[in-house]
Amino acid sequence: MSIQTVGVIGAGVMGVGVAHNLAQTGYSVILVDIADDILAHAKEEITKNIRLQRMLNRKQNQESVETLLNRITLTQEYGLLTDVDFVIENATEKWEIKKKIYELIDPICPQDVIFAVNTSAISITRVGSVTKRAQQIIGTHFMNPVPMKKTVEVIRGYHTSEETITTTLELLANMGKEGIVVNDMPGIVSNRVLMLTVNEAVYLVQDQVATAEEVDRIFKSCFGHPMGPLETADLIGLDTILYSVDVLYESYNDSKYRPCPLLKKMVDAGLYGRKSGQGFYTY
Ligand SMILES: NC(=O)c1ccc[n+]([C@@H]2O[C@H](COP(=O)([O-])OP(=O)(O)OC[C@H]3O[C@@H](n4cnc5c(N)ncnc54)[C@H](O)[C@@H]3O)[C@@H](O)[C@H]2O)c1
């Protein structure tokens with residue numbers, strides 16, 4: 001099937017990046033979220049990011065910002081997903097939220113449409129279990145910021161078919177990305193390691209072993225990481241980190257995934273990192 005229109009669910013940090021990337025590679029996008037103010041903010045972010053990317057990367061014969069924006073329909077109306085050819089879901093990292101979305105879209109979207117789950121830690125097989133199309137459920141763990149990052153962790157659920165994997169890798173290639181296909185386990189490869197590292201780094205700050213800045217400097221100066229774990233946490237969103245650690249804790253029933261109390265406290269205080277203007281650093 002030729003993919004022309006992609007439904008993108010969730011217009012937060014990741015949904016904005018996925019919609020922007022799809023539009024700039026020629027796809028029409030239906031971007032769905034739950035409130036007008038969120039959609040208005042998403043449109044502002046996409047416009048700003050397209051302009052910023054152009055300043056950094058001056059190429060001849062670029063399509064106009066308006067052309068790209070015209071490819072994206074922002075809506076609260078799930079009914080518009082009746083005509084999409086592929087779905088990439090980027091809603092909040094909470095099982096109850098994602099579960100309801102898949103129960104809602106399964107009867108709405110055409111039967112042959114693939115649902116790609118952009119998740120940090122939730123099991124793809126579990127998502128498949130709430131739909132009647134488990135063979136067409138796949139994980140696409142995009143990296144942030146999406147238009148700049150070339151690699152996607154692609155997750156094969158228990159029932160995911162080879163055809164689904166092939167179609168998804170083709171779509172990613174058209175978006176300028178390479179997929180690395182791995183098997184489904186909560187947190188997959190990257191976040192089983194990264195979320196533990198970030199959580200432990202928060203413990204270091206909580207226990208006053210070092211400041212956030214000192215922790216990050218050690219990772220950057222000693223190991224050559226481009227960003228430290230707490231800068232990374234602010235970029236991802238501390239709420240998303242906490243929900244992901246919660247999912248890992250619930251999935252493995254292993255105390256090594258217990259979320260740090262300071263992380264919980266910061267999320268309760270609304271300190272989400274870059275997206276709220278304050279996390280371990282001020283933006
Ligand atoms: N932030 C990252 O760096 C990152 C990286 C890779 C994957 N992810 C994963 O991507 C997903 C989205 O993360 P994010 O950082 O964009 O989160 P976010 O909190 O920035 O955005 C989530 C969006 O989902 C929307 N939403 C909630 N319920 C909805 C519903 N019923 N229908 C439509 N939209 C709904 C929210 O309003 C919000 O705009 C999560 O599963 C996360 O784990 C995040």
Side-chain angles (χ1 to χ4, degrees), residues 7-21 29-46 49 73-81 87-106 108-109 115-124 126-127 130 139-149 151-155 177 179-180 186-195 198 227 229-248 251 267 270-277 279:
V8 175
I9 301 175
V13 173
M14 296 309 283
V16 156
V18 170
H20 168 183
N21 199 141
V29 176
I30 310 285
L31 179 57
V32 186
D33 209 305
I34 51 176
D36 281 340
D37 59 331
I38 296 175
L39 292 168
H41 179 67
K43 189 166 183 183
E44 278 170 25
E45 285 291 298
I46 294 171
N49 293 341
T73 304
L74 297 106
T75 182
Q76 290 183 55
E77 197 41 71
Y78 269 93
L80 296 190
L81 298 177
V87 169
I88 304 176
E89 173 273 310
N90 317 265
T92 312
E93 182 75 358
K94 288 197 169 183
W95 170 243
E96 283 310 314
I97 290 179
K98 292 210 190 267
K99 177 172 179 271
K100 283 201 186 105
I101 290 172
Y102 286 97
E103 287 169 346
L104 183 68
I105 64 175
D106 198 28
I108 291 178
C109 295
F115 295 167
V117 190
N118 188 9
T119 175
S120 300
I122 287 171
S123 158
I124 302 311
R126 194 175 188 196
V127 172
V130 300
T140 47
H141 179 223
F142 286 87
M143 305 296 144
N144 178 18
V146 178
M148 319 271 285
K149 298 285 183 164
T151 309
V152 177
E153 221 174 349
V154 174
I155 308 144
K177 308 210 180 298
I180 300 177
I188 20 140
V189 173
S190 54
N191 282 330
R192 265 172 89 174
V193 178
L194 179 65
M195 293 300 158
V198 168
M227 290 172 79
L230 298 166
E231 288 168 313
T232 306
D234 273 2
L235 175 69
I236 293 172
L238 300 192
D239 50 343
T240 300
I241 298 274
L242 176 61
Y243 303 152
S244 305
V245 176
D246 278 341
V247 169
L248 290 169
S251 302
V267 172
L271 309 182
Y272 296 158
R274 279 179 193 245
K275 64 183 166 187
S276 70

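Numbering of ligands and ligand atoms starts at 1, following listing order. No experiment lies behind these values; they were computed from the predicted model shown. When a residue number appears, it is its place in the shown sequence, counting from 1.
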Atom 13 (O) of ligand 1: the protein heavy-atom neighbour that sits closest, reported with distance to 0.1 Å: Met14 CG, 3.8 Å
Enclosure of Met148 CE (heavy-atom neighbours >12, cutoff 6.0 Å): no
Per-atom contacts of ligand 1 with His141, taking only distances under 4.0 Å to non-hydrogen atoms: 6 (C), 7 (C)
Contact check, Tyr78 vs ligand 1, heavy-atom distance below 4.0 Å: yes
Heavy atom of Met143, distance to ligand 1 below 4.0 Å: no
Val8: which of Val16, Asp33, Asn90, Leu74 passes side-chain contact (heavy atoms from CB on, under 4.5 Å): Asn90
Among Ile236, Val152, Asp33, closest by any non-hydrogen atom to atom 36 (C) of ligand 1: Asp33
Part of Ile101 within contact of ligand 1 (heavy atoms, under 4.0 Å): side chain
Residue pair Asp106 / Phe115, side-chain heavy-atom distance below 4.5 Å: yes
Ligand 1 to Val13 polar contact by distance, N or O atoms, under 3.5 Å: yes
Atoms of ligand 1 close to Lys275 [distance to a heavy atom under 4.0 angstrom, numbered from 1]: 18 (P), 19 (O), 20 (O)
Tyr272 side chain near Asp234 side chain, heavy-atom distance below 4.5 Å: no
Residue, atom name and distance, where the atom is the protein heavy atom closest to atom 28 (N) of ligand 1: Ile97 CG2, 3.5 Å
For atom 27 (C) of ligand 1, the protein heavy atom that lies nearest, with its residue and separation: Thr92 OG1, 3.4 Å
Protein heavy atom at shortest distance from atom 12 (C) of ligand 1: Asn90 O, 3.0 Å
Heteroatom proximity flag, Gly15 to ligand 1, N/O under 3.5 Å: no
Residue pair Val32 / Glu77, side-chain heavy-atom distance below 4.5 Å: no
Test item: His141 and Asn118 side chains (from C-beta on) under 4.5 Å apart, heavy atoms: yes
Nearest neighbour in protein (non-hydrogen) for atom 6 (C) of ligand 1: Phe142 O, 3.0 Å
Ile9 side chain near Ile105 side chain, heavy-atom distance below 4.5 Å: yes
Lys98 NZ to Glu93 CD distance, which is reported to the nearest 0.5 Å: 5.5 Å
Residues forming a salt bridge (Lys or Arg N to Asp or Glu O under 4.0 Å) with Glu103, sequence neighbours excluded: Lys99
Euclidean distance, Met143 CE relative to Ser190 OG, rounded to 0.5 Å: 4.5 Å
Thr240: numbered ligand 1 atoms lying under 4.0 Å from its heavy atoms: 15 (O), 17 (O), 42 (C), 43 (O)
Region of Lys100 engaging ligand 1 - heavy atom pairs below 4.0 Å: neither
Side chain proximity check, Leu104 to Ile101, heavy atoms < 4.5 angstrom: no
Subset of ligand 1 atoms that lie under 4.0 Å from at least one heavy atom of Gly10: 24 (O), 34 (N)
Identity and distance of the protein heavy atom lying nearest atom 29 (C) of ligand 1: Ile34 CG2, 3.7 Å
Contact partition for Tyr243 relative to ligand 1, non-hydrogen atoms under 4.0 Å: neither
Side chain proximity check, Glu153 to Phe142, heavy atoms < 4.5 angstrom: no
Residues Asp239, Lys275: salt bridge by 4.0 Å N-O rule: yes
Heavy-atom nearest neighbour in the protein, as seen from atom 41 (O) of ligand 1, with distance rounded to 0.1 Å: Glu93 OE1, 2.5 Å
Ile9: numbered ligand 1 atoms lying under 4.0 Å from its heavy atoms: 33 (C)
Leu39 vs Gln76 side-chain heavy atoms within contact, under 4.5 Å: yes
Enumerated ligand 1 atoms positioned under 4.0 Å from heavy atoms of Ile38: 37 (O), 39 (O)
Per atom 9 (C) of ligand 1, closest listed option by heavy atom (Ala91, Ser120, Gly12): Ser120
Short N or O distance, Asn118 and ligand 1, threshold 3.5 Å exclusive: yes
